[in-house]
Structures are given as C-alpha cells and as structure tokens.
Amino acid sequence: MNYQWYPGHMTKAKRQMQEDIKLIDLVIELVDARIPLSSRNPDIDELGKNKARLILLNKADLADEKKNRLWRDYFKNQGFYVIELDARKHTAMKSIQETILDSCKEKIERDKKRGIKNRPIRAMVVGIPNVGKSTFINSFAGKACAKTGNKPGVTKGKQWIKINKSVELLDTPGILWPKFDDQEVGLRLAWIGSLNDNNIDTEELALELISFLVKEYPGALSGRYGVSEDRKQTIEILGEIAEKRSLLRTGGEIDRTRAAALLMDEFRSGRLGRITLEVPQEEQSNG
C-alpha cells in the first residue's frame, strides 16, 4: 500500500510558518517517541536553522524506556535540547520552562545589553498531525488555549498563546511533507494515527503491525490476547484475535476487519505495552 496524505491546507500552513519564523526565537518541535525520526518533518530543520531548537519526545509513556534514552542521546548529539514528555501531565512543564530560558540565554543577554527588559521569548510549536502539540500547549499554559483532538488536522490556523511573562507560544497546524521517499516512514505514521485512517486499509495495516510485533516484541500479542505467535501467518494471528475477542459476523464467521480496528486502537493507546517502532540508525548498524 502507498501511504500518503497531504491535504491542500498544509501547503498554505507551511507558507505561513515561513513568514512567522522571522518573529521567533525558538522552535519547539514535538515528535512521537515511538517513531522520533519518522515523525519529524524534514522541512522543519530548514525552517528553523539559526534558531534555538528544543525537541519534545511526546508520548514517551507509550514508548520503550530504553529506546527513549537512545533517542534522547541521539538528538542531543545533534545539538538539540531534548525532553521526554507525556503532554497530558504537568510533570515536565517546569523543566520545559527552564530549558526554554536556557536555550535562549544568549538572546536574553543581548536584550539586557540593549536595555530591553522583560521581552518574552517567542517560541513556535511545530510537529506533524496528531503528535500532541495542542495538548502540550494546554498543559504548559495550565488552561485550555488550543483545540485538541485525537485525529489529524484539528488545528487549522495559527494562534499566539501567552504562557507567562517570559514565554509566548505560537501554535501552528500539523504539517506533513508532500512525498514520503521511504514507504516505511509512511507505514509508521499510519501505525500511530498521523495519517487519515479513512484513506488506509486497516486490515493490511494491522497485519504489518503483527509482523513487526512478533519479531521485535515477542509475547506482546500473546500477553494481551492469549493468541499463539509461533510460526503462524499474520492473517492467522489476526483471525485468532477476532476469535478470542468474540468478534464475529452474522453466522459465526470471524470478523478480521473489526479485529484489525481493535488491534490498532489498543496499540495506539498503549494497551499492548510500551513499544517503539524504530531505533536510531547507528543502533541498527551496531545491533
């Protein structure tokens, strides 16, 4: 299957961000900790060059803890500030505030020398659809400022949000990039729900996920559904999930379509355990 999704409003959003970057001191980029590289829009590095950069590994609570550490080190080695995050909780917000001030300390010093006091740091919040930008902004602000939703494309326009006297955020719509050169990237984005599910064959998506889990996280499926993973075709495992969960059509035939939807939902919400779908390239070559 070819995984692509690039609605027209994303082109407009990208143009707007290119305009707004002139007003910005810092780019805060949210990525999904389960696919930190695949959930990064390659256009953002070009957009944010010469700006301070902070990467938030969001949904870190759903990702493999050891692999979170690998990704944190990977991005730090590339010169980014990095924080692991569950955007629904307030626990990391103090650390984020301190990191924002630290990342922009040169700008704050320059302002002081010019006699400019208390000018807030202006940060642009960027990321692909459904990565948790609006949830993060609301948690950081301590109130509902940005619209949230569990499907891509909820934030349409830009909005400035004053967090406190020292930080202002510019929320931006989630934008993908027009063409995925590597279809594995498209597949991973589809797995976590960053592409529009209406355009995707859920059963095929679930079969690909089963194949990955059996290889990389043996026991995750048997632990959740009581199915056997040994030497079985992925389609048999999906059928067994349908049986175990009594997902049957009229007449008692197993319903693989509903089983696929269940599997994707339970993976995305973390019910299969903490799972990371990719590791830094050097780890793959070393491992």
Side-chain angles (χ1 to χ4, degrees), residues 3 24 26-87 89 91-93 95-105 123-133 135-136 140 172 174-177 180-195 209 212-213 215-217 220 267-268 270 272-287:
Y3 298 98
I24 298 300
L26 165 71
V27 175
I28 300 175
E29 181 180 0
L30 274 85
V31 301
D32 190 303
R34 295 166 294 178
I35 55 165
L37 215 52
S38 294
S39 60
R40 291 195 71 218
N41 185 331
D43 295 340
I44 299 298
D45 281 339
E46 179 60 29
L47 187 76
K49 66 182 181 188
N50 307 322
K51 303 289 179 183
R53 302 290 301 278
L54 168 60
I55 285 187
L56 300 180
L57 289 167
N58 193 27
K59 306 186 185 182
D61 55 306
L62 300 177
D64 188 319
E65 236 172 327
K66 279 186 189 162
K67 288 171 184 166
N68 282 347
R69 286 197 292 276
L70 290 180
W71 280 112
R72 200 175 58 214
D73 294 344
Y74 170 84
F75 286 122
K76 278 185 175 171
N77 289 340
Q78 295 200 346
F80 295 99
Y81 290 82
V82 190
I83 293 176
E84 289 174 44
L85 179 69
D86 172 0
K89 295 181 178 165
T91 42
M93 298 307 154
S95 165
I96 290 170
Q97 171 76 16
E98 288 166 358
T99 304
I100 288 173
L101 296 175
D102 188 41
S103 68
C104 293
K105 56 182 181 285
M124 179 186 278
V125 182
V126 300
I128 65 167
N130 206 25
V131 81
K133 295 187 304 299
T135 304
F136 156 65
F140 196 24
T172 61
I175 57 167
L176 289 165
W177 50 109
F180 305 138
D181 294 326
D182 180 357
Q183 278 299 300
E184 288 289 314
V185 170
L187 176 62
R188 291 181 200 121
L189 288 167
W191 276 340
I192 66 163
S194 282
L195 305 185
L209 182 62
F212 173 86
L213 292 173
K215 182 169 176 265
E216 300 294 339
Y217 288 89
F267 162 70
R268 288 170 182 174
L272 300 183
R274 297 181 66 166
I275 291 165
T276 296
L277 301 169
E278 64 183 358
V279 292
Q281 205 63 45
E282 58 262 32
E283 293 299 323
Q284 286 174 343
S285 48
N286 293 344

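Start at 1 with the first residue, then count along the sequence. Because the structure is a prediction, the values reported are computed rather than measured.
Atom CG of Asp102 is separated from atom OH of Tyr81 by 4.5 Å, given to the nearest 0.5 angstrom. Distance check, rounded to the nearest 0.5 Å: CG of Leu62 to CZ of Arg268 gives 12.5 Å. The distance from atom CD1 of Ile100 to atom CD1 of Ile83, rounded to the nearest 0.5 Å, is 8.0 Å. Here the OG1-CD1 distance, from Thr99 to Ile55, works out to 13.0 Å after rounding to the nearest 0.5 Å. Taken to the nearest 0.5 Å, the CD1 atom of Ile96 stands 11.5 Å off from the OG atom of Ser103. Atom-to-atom distance recorded for Ile192:CD1 and Ile128:CD1 is 5.0 Å, nearest 0.5 angstrom.
Here the shortest heavy-atom pairing between Leu57 and Val82 reads CD1-CG1, 3.8 Å. Heavy-atom minimum distance, Ala33 versus Ala60: CB-CA, 3.7 Å. For Gly132 against Leu30, the heavy-atom pair with the smallest separation is O-CD2, 3.5 Å. Heavy-atom minimum distance, Met124 versus Thr172: CG-CG2, 3.7 Å. Scanning all heavy atoms of the two residues, the minimum distance from Leu277 to Phe212 falls at CD2-CE2, 3.5 Å. Between Arg274 and Asn68, the shortest heavy-atom contact is NH2-ND2, 3.7 Å.
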Side chain to side chain contact (heavy atoms under 4.5 Å, CB included) between Gln97 and Phe140, worked out
CA-CA 9 Å; Gln97 171 76 16; Phe140 196 24; 3.6 Å; yes
Test Ile44 against Arg53 for side chain to side chain contact (heavy atoms under 4.5 Å, CB included), laying out the working first.
CA-CA 10 Å; Ile44 299 298; Arg53 302 290 301 278; 3.5 Å; yes
Dump the intermediate steps for side chain to side chain contact (heavy atoms under 4.5 Å, CB included) on Leu26 and Leu54, then the final yes or no.
CA-CA 8 Å; Leu26 165 71; Leu54 168 60; 4.2 Å; yes
Please evaluate residues Glu184 and Leu187 with respect to the criterion side chain to side chain contact (heavy atoms under 4.5 Å, CB included), reporting the C-alpha separation (whole Å), side-chain torsions for both, the decisive distance (0.1 Å), and the verdict.
CA-CA 5 Å; Glu184 288 289 314; Leu187 176 62; 4.3 Å; yes
Salt bridge (charged side-chain N to carboxylate O under 4.0 Å, His left out) assessment of Asp73 paired with Lys76:
CA-CA 5 Å; Asp73 294 344; Lys76 278 185 175 171; 5.6 Å; no
What's the verdict on salt bridge (charged side-chain N to carboxylate O under 4.0 Å, His left out) for Asp45 and Arg40, showing C-alpha distance, side-chain angles and the deciding distance?
CA-CA 9 Å; Asp45 281 339; Arg40 291 195 71 218; 2.8 Å; yes
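Side-chain N or O atoms of Thr135 include none that pairs as donor or acceptor with a backbone N or O of Ala87 at under 3.5 Å. Ser39 places a side-chain N or O within 3.5 Å of a backbone atom of Asp32 that can act as its donor or acceptor partner. The main-chain N or O of Gly193 is found under 3.5 Å from a side-chain atom of Asn130 such that the two form a donor-acceptor pair. Within the 3.5 Å criterion, the main-chain N or O of Ser38 finds a donor-acceptor partner in the side chain of Glu278.
Side-chain contact between Asp64 and Trp71: absent, with no pair of heavy atoms (C-beta onward) separated by less than 4.5 Å. Contact check for Phe136 versus Asn58: no side-chain heavy atoms found under the 4.5 Å cut-off. Side-chain contact between Met93 and Leu85: present, with at least one pair of heavy atoms (C-beta onward) separated by less than 4.5 Å. A 4.5 Å side-chain heavy-atom check between Tyr74 and Leu37 finds at least one atom pair inside the cut-off.
Ring orientation note: the planes of Phe80 and Phe75 are nearly perpendicular, at an angle over 60° on the 30°/60° scale.
The number of heavy atoms from other shown groups lying within 6.0 Å of CD (Gln78) is above 12.
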